[in-house]
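Beneath this line is the structure, given in structure tokens, with notes to follow.
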Amino acid sequence: MGPRIPRTPPLSMQVKRCAWAGIDNPLMLQYHDREWGVPVHEDRLHFEFLVLEGAQAGLSWAIVLNKREGYRKAFNNFEPEKVARFTAQQIQKLTSNPTIIRNRLKIESAVSNARAFLKVNEEFKSFDAYCWQFVDGRPKLNRWKTMREIPATSTESDAFSKDLKGRGFNFVGSTIIYAHMQAVGMVNDHLTDCFRHRELKKR
């Protein structure tokens, strides 16, 4: 049996959410209610978020979510072993693929990061074991009351980013890596009055 997927409460229910999860964007709403901040321990999913967050640089997360399925198809369901073997010809083809963000540097970065990702796996047995050490193996529970309190980086994301860069990763600045930590549940940055803050706190 796979992991339990939380249900998105019906819009008729008066539940509090983080302000960025507007009800006018179903993908953002579903992402907030089902994925953001849920602790991830699957390497393929870690790689998926690294690719998507790198692609987001300079853009909105809503744009990336709209292209997520396109990325899944273009990047072999985010299997790092397969992406690491992409050739120059395949990369060139992706630069004209309208279902993804057609930025050559971001595409090349995804491929080179897949190769660096596999090296981390060899050293630490899994990328999951490697990344969670930066928060001592458990989610950091924050208690923000407003969106403006949430930082763009942290001492942990600074250290994580620096280490990734030293291992040859690209598009892994501290801001991008803090977003990764939020996405994969290394930190719980749901606002305290958001229903997901309470749910994830129980995990």
Side-chain angles (χ1 to χ4, degrees), residues 2-3 5 8 20-38 40-122 126-128 130-131 152-153 157 160-161 163-186:
I5 299 175
T8 296
W20 59 265
I23 62 174
D24 57 332
N25 188 325
L27 280 179
M28 288 286 279
L29 189 71
Q30 186 179 77
Y31 174 69
H32 171 273
D33 289 2
R34 296 186 180 185
E35 292 187 81
W36 196 67
V38 176
V40 167
H41 294 290
E42 179 189 348
D43 276 3
R44 190 207 59 77
L45 194 51
H46 276 296
F47 181 65
E48 175 175 349
F49 278 120
L50 283 174
V51 172
L52 295 178
E53 284 142 10
Q56 182 198 358
L59 303 171
S60 73
W61 186 243
I63 290 174
V64 175
L65 281 183
N66 284 333
K67 291 182 176 289
R68 192 176 190 179
E69 285 306 314
Y71 268 92
R72 282 202 176 109
K73 293 177 182 177
F75 285 87
N76 293 86
N77 200 36
F78 298 105
E79 295 289 348
E81 296 84 0
K82 294 179 180 179
V83 177
R85 295 196 296 269
F86 278 14
T87 64
Q89 185 177 7
Q90 287 174 292
I91 291 173
Q92 178 60 37
K93 187 176 180 181
L94 287 175
T95 62
S96 60
N97 185 336
T99 68
I100 66 171
I101 294 162
R102 294 172 285 182
N103 179 298
R104 176 178 285 276
L105 288 178
K106 292 178 179 180
I107 294 169
E108 290 177 337
S109 172
V111 176
S112 63
N113 283 355
R115 295 165 185 161
F117 190 95
L118 295 179
K119 290 180 181 178
V120 169
N121 280 3
E122 289 180 11
S126 72
F127 188 86
D128 185 70
Y130 160 72
C131 73
T153 63
S157 70
F160 192 0
S161 170
D163 198 77
L164 286 169
K165 289 177 180 177
R167 295 175 183 278
F169 285 80
N170 297 303
F171 281 93
V172 288
S174 189
T175 300
I176 290 175
I177 290 307
Y178 191 71
H180 179 77
M181 294 171 69
Q182 291 173 314
V184 302
M186 293 171 68

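On a predicted model such as this, the values are computed, not experimentally measured, just so you know.
- Not a single donor-acceptor pair under 3.5 Å links the side chain of K82 to the backbone N or O of N76.
- Residue I100 holds its CD1 atom at 8.5 Å from CZ of R102, rounded to the nearest 0.5 Å.
- Side-chain contact between F117 and V83 is absent, with no heavy-atom pair separated by less than 4.5 Å.
- The ring of H180 has its center closer than 6.0 angstrom to the ring center of H46.
- Classified by interplanar angle (parallel below 30°, tilted 30° to 60°, perpendicular above 60°), the ring pair F160/Y130 is perpendicular.
- Taking every heavy atom of both residues into account, I101 and L59 meet most closely at CD1-CD1, 3.6 Å.
- Counting heavy atoms from C-beta on, the side chains of F169 and K165 never come closer than 4.5 Å.
- Using a 4.5 Å cut-off on side-chain heavy atoms (C-beta onward), P80 and D43 make no contact.
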Open item on the list: Set out, in order, the CA-CA distance, both residues' side-chain angles and the distance that settles side chain to side chain contact (heavy atoms under 4.5 Å, CB included) for L45 and F78, then state yes or no.
Closed with: CA-CA 8 Å; L45 194 51; F78 298 105; over 6 Å; no
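- Among residues two or more places apart in sequence or in another chain, the side-chain contact (heavy atoms from CB on, under 4.5 Å) test is passed with S96 by none.
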TODO: Evaluate the side chain to side chain contact (heavy atoms under 4.5 Å, CB included) criterion for residues T99 and K67: first the C-alpha distance (whole Å), next the side-chain angles of each, then the deciding distance (0.1 Å), finally the verdict.
DONE: CA-CA 6 Å; T99 68; K67 291 182 176 289; 5.9 Å; no
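- Between the CZ atom of F127 and the CG atom of L50 there is a distance of 5.0 Å, given to the nearest 0.5 Å.
- S161 places a side-chain N or O within donor-acceptor distance of the main-chain N or O of V172, the cut-off being under 3.5 Å.
- The side-chain hydrogen bond (donor to acceptor under 3.5 Å, both in side chains) contacts involving residues 56-65 comprise nothing, where partners must be two or more places apart or lie in separate chains.
- Checked for salt-bridge contact, E69 and K73 miss the test: no charged N lies under 4.0 Å from a carboxylate O.
- Pairing each heavy atom of A74 with each of L94, the nearest pair is CB-CD2, 3.7 Å.
- The pair K119-E122 does not count as a salt bridge, with every side-chain nitrogen at least 4.0 angstrom from each carboxylate oxygen.
- Between I107 and I91 the shortest heavy-atom distance is CG2-CG2, 3.9 Å.
- Ionic pairing of E35 and R68 is present here: one or more N-O contacts between side-chain nitrogen and carboxylate oxygen are shorter than 4.0 angstrom.
- Expressed to the nearest 0.5 Å, how far NZ of K93 lies from CZ of F86 amounts to 10.5 Å.
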- [ ] Run the numbers on R44 and N77 for side chain to side chain contact (heavy atoms under 4.5 Å, CB included), then give the verdict.
- [x] CA-CA 8 Å; R44 190 207 59 77; N77 200 36; 4.1 Å; yes
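- A21 and M28 make their closest contact through CB-O, 4.5 Å (heavy atoms, listed as atom of the first residue, atom of the second, distance).
- A heavy-atom distance below 4.5 Å is not found between the side chains of E42 and D128.
- Of all heavy-atom pairs spanning N113 and F47, the tightest one is C-CE1, 4.2 Å.
- Here OG1 of T95 is found 10.0 Å from CG of N103. Values are rounded to the nearest 0.5 Å.
- Not a single donor-acceptor pair under 3.5 Å links the side chain of Q30 to the backbone N or O of L27.
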Task: From CA spacing to verdict: side chain to side chain contact (heavy atoms under 4.5 Å, CB included), R72, E48 - done: CA-CA 8 Å; R72 282 202 176 109; E48 175 175 349; 3.3 Å; yes
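- Put simply, CG on L164 and CD1 on I177 are 5.0 Å apart, with the number rounded to the nearest 0.5 Å.
- Aromatic ring pairs are classed by plane angle as parallel below 30°, tilted from 30° to 60° and perpendicular above 60°; the pair W36 and W20 is perpendicular.
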Task: Verdict with supporting geometry, E108 and R104, salt bridge (Lys or Arg N to Asp or Glu O under 4.0 Å) - done: CA-CA 6 Å; E108 290 177 337; R104 176 178 285 276; 3.4 Å; yes
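- Residues A179 and E53 approach most closely at O-OE2, 3.7 Å, considering heavy atoms.
- We find the OG-CD1 distance between S157 and I176 to be 11.0 Å, quoted to the nearest 0.5 Å.
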